[in-house]
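Below, chains carry the letters A, B, ... as their sequence lines are ordered, and counting in each starts from 1.
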2 protein chains.
Amino acid sequence: MDDCLKILKDHKFKITPKRKAVIELFLTSRKCLKPYDVYKAVRKRLDSLGLPTIYRILDEFCRIGIIKRLQSDDGQLVYAFCSSQKKHSHYFVCLNCNKVQEVSVCNINGISRYIEKNLGAKVESHQLQLEGICSECK
Amino acid sequence: MDDCLKILKDHKFKITPKRKAVIELFLTSRKCLKPYDVYKAVRKRLDSLGLPTIYRILDEFCRIGIIKRLQSDDGQLVYAFCSSQKKHSHYFVCLNCNKVQEVSVCNINGISRYIEKNLGAKVESHQLQLEGICSECK
DNA sequence: TCCATAAATAGAAATCATTTCTGTTTATGG
DNA sequence: CCATAAACAGAAATGATTTCTATTTATGGA
């Protein structure tokens, strides 16, 4: 949590109850959440809350790297806590409980080299999303 | 093109001018396209066309594997021609021209094994999206 | 601690992507 | 050709996301 607050401060964002509540939610749930999911969960703990606020906070958090926007099947925006850098992310999403776990190991370099060699392209970033069933859901 | 028409027939879909035009577009452009992009492009060549038709066709084509829904930064639906199977896809997207190229090489097995061993999870599918600048745009 | 100020917010309203619905048209097998 | 189910256009509805405006609040400095 403190790490996240530090990121906020570093980017001159104010520490507000809404922002703290959103961080708290992501830290404790560790799941892929849609904006409305976040809204519902956070609204329970606060007296007033607007959905646009959630959209704005999620967008800000994405920009400064507190959370990450992930691929969703249905095209809706989906976010998850993610400590890794922007240019290089691997995460495992449980198809059952929606929990997201980051994967630190990376052997993408081989693929990047392959692409740079065979397609003649320059690889700037990559995102690997693995899906399956997590240990708890098995 | 014939491959795609065969897929349509195999799935009992009718070969209509709209569907052919959409296939044609994806085959020739090879780019990530949003539904409205497809609509604009296809409308030029046909006398009448409704946007819902495009949405339906894109959805059908996705289901039968002619195209694939890719990750877009802004959460909008984005599609590209993709011959690979559903469970296993790697593509390189040019950040400049938006062209999509499939990458056949795969060394994800190592990561999958890592996940299955360390997270105790079962990996069902994965999607690797690499981004950068393609040879033509360099 | 208090104050000034810019940032953050709620709530209403607008926008825009996507889907649904209905009546008409069309591809296709017989 | 014809019958039929599938495909379609166009209008309308839906629902996610964004914009706008007036109000509230966090924060750095007195």
### Message
Starting from A/Ile67, can I reach A/Val78 by hopping between I/L/V/M/F/W/Y residues whose side chains sit under 4.5 Å apart?
### Response
no
### Message
What's the separation between atom CG in B/Leu8 and atom OG1 in B/Thr16, rounded to the nearest 0.5 Å?
### Response
8.0 Å
### Query
Got a sec, which pairs hit side chain to side chain donor-acceptor pair (under 3.5 Å) with one end in residues 21-31 of chain B, sequence neighbours left out?
none
### Message
Run the salt bridge (charged side-chain N to carboxylate O under 4.0 Å, His left out) test against B/Asp59 and tell me which residues pass, sequence neighbours left out.
### Response
B/Arg63
### Task
Hey, could you give me the CG/CZ distance between B/Asn118 and A/Phe92, rounded to the nearest 0.5 Å?
12.5 Å
### Query
Side chain of B/Lys18, backbone of B/Ser48: donor and acceptor closer than 3.5 Å?
yes
### Task
Return the set of residues passing side chain to side chain donor-acceptor pair (under 3.5 Å) with A/Asp10 (not counting sequence neighbours), or none when no residue passes.
A/Lys6
### Task
Would you mind building the protein contact string for nucleotides 12-24 of chain D? One character per nucleotide, 5' to 3', B for base within reach (heavy atoms under 4.0 Å), S for sugar-phosphate only, - for untouched.
----SBBB-----
### Query
So, the side chain of B/Arg69 versus the backbone of B/Cys62: is there a donor-acceptor pair under 3.5 Å, distance only?
no
### Query
Rounded to the nearest Å, what distance is computed from the CD1 atom of residue B/Ile54 to the C1' atom of nucleotide D/dA9?
12 Å
### Query
Are A/Leu58 and A/Val42 connected in the hydrophobic side-chain network, where two residues link if heavy atoms are under 4.5 Å apart?
yes
### Summary
Applying ring-ring contact (aromatic ring centres under 6.0 Å, His included) to A/Tyr39 and not counting sequence neighbours gives A/Tyr36
### Task
Under 4.0 Å from any atom of DNA chain C, heavy atoms only: list the residues of residues 37-47 of chain B that qualify, in numerical order.
none
### Message
Working to the nearest 0.5 angstrom, can you tell me the gap between A/Arg43 CZ and A/Leu51 CG?
### Response
9.0 Å
List every contact pair, protein side and nucleotides 28-30 of chain D side both N or O, where the distance is under 3.5 Å.
none

### Query
Given A/Val38 and A/Phe26, is the side chain to side chain contact (heavy atoms under 4.5 Å, CB included) satisfied, shown in steps?
CA-CA 9 Å; A/Val38 176; A/Phe26 274 107; 4.0 Å; yes
### Same apolar cluster (I L V M F W Y, side chains within < 4.5 Å links), A/Val93/A/Leu33
no
### Task
Return the angle between end axes of the helix from C/dT1-D/dA30 to C/dG30-D/dC1, with five pairs used per end and rounding to 10°.
50°
### Query
Does any residue of residues 18-33 of chain A have a heavy atom under 4.0 Å from DNA chain C, and if so, which ones, in number order?
A/Lys18, A/Arg19
### Task
Taking side chain to side chain donor-acceptor pair (under 3.5 Å) as the test, write out the residues that go with A/Glu116, two or more places apart.
none
#### Entry: Interatomic spacing from CG in A/Leu5 to CD1 in A/Ile15 - rounded to 0.5 Å
4.5 Å
### Query
Linking I/L/V/M/F/W/Y whenever their side-chain heavy atoms sit closer than 4.5 Å, directly or via other members, would A/Leu27 and A/Tyr91 fall into one cluster?
no
### Query
Taking NZ from B/Lys9 and P from D/dA6, how many angstroms apart are they, rounded to a whole number?
18 Å
### Query
Roughly how far apart are A/Tyr114 OH and B/Leu130 CG, rounded to 0.5 Å?
12.0 Å
#### Entry: Range on DNA chain C touched by chain B, heavy atoms, distance below 4.0 Å
C/dA17 to C/dT28
### Task
Return no unless some side-chain N or O of B/Ser48 is found under 4.0 Å from OP1 or OP2 of D/dC8.
no
For residues 131-138 of chain B, tabulate all N or O donor-acceptor pairs below 3.5 Å that involve a side-chain atom, not counting sequence neighbours.
from: B/Glu131; atom 1: OE2; to: B/Gln129; atom 2: NE2; distance (Å): 3.3
from: B/Ser135; atom 1: OG; to: A/Leu119; atom 2: O; distance (Å): 3.4
from: B/Glu136; atom 1: OE1; to: B/Lys99; atom 2: NZ; distance (Å): 3.4
from: B/Glu136; atom 1: OE2; to: B/Lys99; atom 2: NZ; distance (Å): 2.9
from: B/Lys138; atom 1: NZ; to: A/Gly120; atom 2: O; distance (Å): 3.1

### Query
Does B/Arg56 put a side-chain nitrogen or oxygen below 4.0 Å from OP1 or OP2 of D/dC8?
yes
